[in-house]
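First comes the structure, then the notes that go with it.
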Amino acid sequence: MSLYFSEEHSAETVNARMGADVDPRLKTVMAALVRHLHAFVKEVHLTQAEWEVAIDFLTKTGQICSGERQEYILLSDTLGVSMLVDAINHRRPPGATENTVFGPFHVAGAPERAMGDCISLDGKGERCLFEGRVIDLHGEPIQGARIDVWSDNSEGFYDVQQPGVQPKWNNRGIFTTGADGGYRFIGIKPVSYPIPDDGPVGQMLGHLGRHPFRPAHMHFLVTAPGFQKLVTHTFVGDDKYIGSDTVFGVKQTLVAPFEHVRDGDIVWRSPFDFVLTPAAA
Ligand code: BEZ
Ligand code: FE
């Protein structure tokens with residue numbers, strides 16, 4: 001093969017430049033990336049103008065990133081890449097609770113709360129009792145599981161999106177299971193909301209005729225010694241966006257019941273058990 005670049009052997013020429021001592025995994029990943037990228041450019045016959053649009057898009061995507069804003073993750077999420085990486089890395093046995101996207105709104109160090117506590121601090125929204133058990137694949141309760149929960153408020157914003165407007169730690173908390181594996185807390189029935197769409201990713205969605213909404217969901221991060229970390233949500237099944245989540249996070253098994261109840265100021269009850277997978281599985 002010639003040392004010089006040609007359309008026909010473009011990817012091979014680039015990959016042949018790699019040194020002899022390159023880390024084997026890096027070599028595999030980069031060679032495949034170059035092969036697929038070149039095949040893509042050839043398949044669509046990318047024009048010079050389109051190449052410039054792509055460079056401009058990626059530049060703007062980087063420029064809008066900050067400590068609080070990660071536009072590349074939004075790009076990965078909206079192209080289904082985040083869910084694909086999650087899927088191939090978290091294949092679980094039948095019966096185990098499935099993972100879904102982590103999202104950008106988790107904050108480490110939320111207050112530890114007692115079972116039954118209310119996490120909604122702004123007094124808005126319809127109160128909902130979330131309860132269930134953390135169990136293993138045999139249905140045995142898991143003691144000492146930490147359940148870190150977070151959701152938007154009734155106006156569709158996380159507390160971190162509205163500092164000074166919402167109370168700090170609004171709709172967040174950490175609960176630790178006892179011997180029965182049970183958990184129980186009061187939050188609100190979450191509502192659907194748009195992902196941040198005032199940047200390049202929002203523009204891309206607009207050009208593609210896509211909306212930026214996520215169906216209503218409650219986030220759960222469940223950890224217990226000896227078990228795989230579970231990053232998941234429960235979804236409100238009758239949400240308008242349940243079939244068109246802009247980040248593809250919905251899985252059938254994660255659609256939870258939201259039962260209408262009347263118990264003081266509690267209007268909804270959402271029962272859901274989390275089934276953890278052993279670390280070794
Ligand atoms: C979220 O559910 O918080 C989320 C996930 C992905 C992108 C934006 C938000
Ligand atoms: Fe969310």
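Order of appearance sets the numbers: ligands from 1, and atoms from 1 within every ligand. This one's a predicted model, so the numbers in the text were calculated from it and none came from an experiment.
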To the nearest 10 degrees, could you say what angle the Fe ion (ligand 2) makes with NE2 of H219 and OH of Y158? 90°
Atom indices of ligand 1 within 4.0 angstrom of G103 heavy atoms, with elements: 4 (C), 5 (C), 6 (C)
List the closest protein heavy-atom neighbour of atom 2 (O) of ligand 1: residue, atom name, distance to the nearest 0.1 Å. R214 NH1, 2.5 Å
Modelled atom types, side-chain donor and acceptor of T246 and T78, under 3.5 Å: no
In terms of relative ring orientation, are H217 and F235 parallel, tilted or perpendicular, with 30° and 60° separating the classes? tilted
Short question: side chain of D86, backbone of V101 - any donor-acceptor pair under 3.5 Å? no
So is H217 polar-close to ligand 1, meaning N/O to N/O under 3.5 Å? yes
What residue and atom, counting heavy atoms only, is the protein's closest point to atom 3 (O) of ligand 1, and at what distance? Y193 OH, 2.8 Å
Kindly determine whether W150 and F102 satisfy ring pair (Phe, Tyr, Trp, His ring centres under 6.0 Å), including the steps that lead there. CA-CA 11 Å; W150 66 106; F102 191 47; 5.7 Å; yes
For H219, the ligand 1 atoms with a heavy-atom partner under 4.0 Å come out as 1 (C), 2 (O), 3 (O)
Would you mind listing which atoms of ligand 1 come within a distance below 4.0 Å of any non-hydrogen atom of L74? 7 (C), 8 (C)
Can you tell me the N, O or S atom of H217 that's nearest the Fe ion (ligand 2)? NE2
Identity and separation of the nearest protein heavy atom to atom 9 (C) of ligand 1: P104 CD, 3.3 Å
Y158 contact mode with ligand 1 (heavy-atom cut-off under 4.0 Å): side chain
Only one of H219, H106, R172, Q166 clears side chain to side chain donor-acceptor pair (under 3.5 Å) with Y158; which? H219
Backbone of M218 reached by a side-chain donor or acceptor of S151 within 3.5 Å: no
For F274 and Y183, I'd like to know if the aromatic rings sit close, meaning centre-to-centre distance below 6.0 Å. yes
Under a 3.5 Å distance rule, please check whether S270 uses its side chain to pair with a backbone N or O of P257 as donor and acceptor. yes
Report yes or no: does Y193 have an N/O/S atom closer than 2.8 Å to the Fe ion (ligand 2)? yes
Note the single closest protein heavy atom to atom 7 (C) of ligand 1, along with its residue, its atom name and the distance in Å. D77 OD2, 3.2 Å
